[in-house]
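Here the structure comes first, spelled out in structure tokens, and everything after it is commentary.
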Amino acid sequence: MQDTVKLDRALGLWSVVLFGLAYMTPMIVFGTFGALAAASQGTTAMAYLVAAAAILLTAISYGVMARVYPVAGSAYTYARRSISPSIGFLVGWAVLLDYFFLPMVIWLIGAAYLTSAFPAVPTWVWIVGFIAVTTIINVVGIAFANRINFILMLVQLGVLVAFLVLAARYVVALNGPGGLVSVTPFFREGVPFSASVAGAAIAAYSFLGFDAVSTLTEETRDARRTMPKAILIIALAGGLIFIASAYITQLAHPGADFVSVDAAATEIAKAIGGDLFVTIFLATLVVAQFTSGLAAQASVGRLLYAMGRDTVLPASFFGNLHPKWHTPILNLILVGAIGLAALTMDVTTSTSFINFGAFLAFTAVNVSVIALYLKRDQQVRPLGMLIGLIVPTLAAVCDLFLLWNLDEHAKVLGLVWLAVGVAYLAYLTRFFQVAPPEMDFAE
């Protein structure tokens, strides 16, 4: 009989917080700034404020569920145990859309900035190059130490702070110290609030990662207490970083007119810091995008392998490992092939695809809290009506409202993806006669 292998509970509060912040990639606020400024019509700070409010409400529900179910699996596990196995499966299916498109968005943003620096090189060359290099590295197999990721995050934060300081100095040089105090990044004459909400639907992409730390539950000390605190701290810290960054950047470049919307921050970086700074900024952003894409592709490859191993997906394809490198080579190639869709997309549309699955997952977590409260769960009911019912209801409404304001193409693709998921679930469960297979995240 095999020994039961369990994950090491080695992470404390601040280790989890740092992981969440690193996963969010703080510099992503610049990667999507142009698309966000265009969607919000120059009210990026308000867009981030709206997104942060919705995320913080949802973070409270994630904290509650992490306390009730201190196991890995996040939204999939919460919905499966609190609502029903079939709903849990569909939530996991929706989240899979995020995983598929996340590497593509990362590669697209990196390619957009390289194209702005080297306009003679076609964008498709950078996209194909990103995909080819990251796929080869992931197929051969590579592990990045936490120390390397931590150092990279410090570099990102350093460049981010330098960007904001230079932007503030630029604003003062143009408009005096009083120029740093303005409502225009939040409200602009003639711009409807609906534009800021449309921007918020894109801004929420920057927060993806606050919820990802819930998958570390089984590796966290005193997870029932630590995880809820970590999730709230990550969401709050991320919100403050993004709102402050958007505010200063929008002051430095009022409005939403850019040479390239997808590489707007490079244009601003050159204006505020000159050629040397824009070179440092671009190099840091591209390196961050490359390592982020490497990790994202590896993550989705591993998730697909787990789904194949547990027969949630066909094991003959998704459950295979390369005999020499012990990596899910077919899954990694599939993710790379899907990433080629970046050749026909822009940042706005592709981030919306990701947010469709994210908003559905967020809504499911909030509904899970409500379900447990109404079932008089012994851990949720004592939290009272505010945390058990009112907050998750408001959060679910906010999440669905943001989902409704996503790009039309994203909503169509998302609904088609869900329809395919329902059909596949019917097949797996013999038209809902048996429970769907369950993923084992601990393996």
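Residues satisfying the side chain to side chain contact (heavy atoms under 4.5 Å, CB included) test with I354, not counting sequence neighbours, are D98, F101, L102, V105, Y205, L208. Scored by the side chain to side chain contact (heavy atoms under 4.5 Å, CB included) test, T429 finds L425, F432, V434, P436 as partners (sequence neighbours excluded). The salt bridge (Lys or Arg N to Asp or Glu O under 4.0 Å) check on K411 picks up E408, with sequence neighbours excluded.
Residues L360 and L418 meet the side-chain proximity criterion, which asks for heavy atoms closer than 4.5 Å. Taking the side chain as every heavy atom from C-beta outward, V380 and V68 approach each other to under 4.5 Å. In this structure, S84 and F89 have side chains that are not in contact, with every pair of non-hydrogen atoms separated by 4.5 Å or more. Put simply, the side chain of D262 does not reach to within 4.5 Å of the side chain of I109, judged on heavy atoms. Side chains of F356 and W417 form no contact here, defined as non-hydrogen atoms less than 4.5 Å apart. Using a 4.5 Å cut-off on side-chain heavy atoms (C-beta onward), M104 and M345 make contact. Between I87 and R80, every side-chain heavy-atom pair lies at or beyond the 4.5 Å cut-off. Contact of the F281 side chain with the F30 side chain is registered, since non-hydrogen atoms from C-beta on lie closer than 4.5 Å.
Taking each heavy atom of G414 and L97 in turn, the nearest pair found is CA-CD2, 4.3 Å. The two residues V91 and A361 come nearest to each other via the heavy atoms CG1-CA, 4.3 Å. Between L330 and N320, the shortest heavy-atom contact is CD1-ND2, 4.3 Å. Heavy atoms only, all atoms of each residue included: A39 and G199 are closest at CB-CA, 4.1 Å. Here the closest heavy-atom approach between residue A54 and residue C398 is recorded as CB-CB, 3.8 Å. Contact between A51 and F207 at its shortest, heavy atoms only, is CB-CE1, 4.1 Å.
Judged purely by distance below 3.5 Å, without hydrogens or angles, the side chains of S260 and S116 never pair a donor atom with an acceptor atom. Between T393 and N366, the side chains place no donor N or O within less than 3.5 Å of an acceptor N or O (distance only, hydrogens not considered). Judged purely by distance below 3.5 Å, without hydrogens or angles, the side chains of T135 and Q297 pair a donor atom with an acceptor atom. A donor-acceptor pair shorter than 3.5 Å cannot be found between the side chains of S61 and Y78. For the 3.5 Å distance criterion, the side chains of T43 and S196 qualify, holding a donor opposite an acceptor.
Taking the six-membered ring where the residue is Trp, Y62 and F362 present perpendicular rings, their angle passing 60° and hence far from 30°. In this pair, F118 and W126 present their aromatic rings tilted. The plane angle is within the 30 to 60° band.
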Check step by step if side-chain contact (heavy atoms from CB on, under 4.5 Å) holds for N331 and F317.
CA-CA 8 Å; N331 300 341; F317 183 96; 4.0 Å; yes

Between V64 and L383, is the side-chain contact (heavy atoms from CB on, under 4.5 Å) condition met? List the steps.
CA-CA 9 Å; V64 171; L383 297 176; 3.9 Å; yes

Please lay out, stage by stage, how F187 and F193 fare under the test ring pair (Phe, Tyr, Trp, His ring centres under 6.0 Å).
CA-CA 8 Å; F187 304 99; F193 184 66; 7.9 Å; no

Decide yes or no on side-chain contact (heavy atoms from CB on, under 4.5 Å) for V29 and I241, but give the supporting numbers first.
CA-CA 9 Å; V29 65; I241 290 171; 5.6 Å; no

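Panel note: side chain S368, backbone S82; no donor-acceptor pair is recorded below 3.5 Å. No donor-acceptor pair under 3.5 Å is formed between the side chain of D399 and the backbone N or O of F359. Checked by atom type and distance alone, the side chain of T249 never pairs as donor or acceptor with a backbone atom of A246 at under 3.5 Å. The main-chain N or O of F258 is never found under 3.5 Å from a side-chain atom of E267 such that the two would form a donor-acceptor pair. Panel note: side chain N405, backbone V197; no donor-acceptor pair is recorded below 3.5 Å. A donor-acceptor pair under 3.5 Å links the side-chain atoms of T32 to the main chain of I28, judged by distance alone.
With values rounded to the nearest 0.5 angstrom, I390 atom CD1 is found 6.0 Å from M385 atom CE. Here the CD1 atom belonging to I83 is positioned 8.5 Å from the CG atom belonging to L372, to the nearest 0.5 angstrom. Between the CG atom of L386 and the CD1 atom of I60 there is a distance of 7.5 Å, given to the nearest 0.5 Å. To the nearest 0.5 Å, the span separating CG on L57 from CG on L394 amounts to 6.5 Å. Distance OG1/T44 to CZ/F186: 8.5 Å, rounded to 0.5 Å. Taking CZ of R188 as the reference point, atom OG of S40 lies at 9.0 Å (rounded to 0.5 Å).
Just one residue in the list F100, Y76, Y424 forms a ring pair (Phe, Tyr, Trp, His ring centres under 6.0 Å) with W93, and that residue is Y424.
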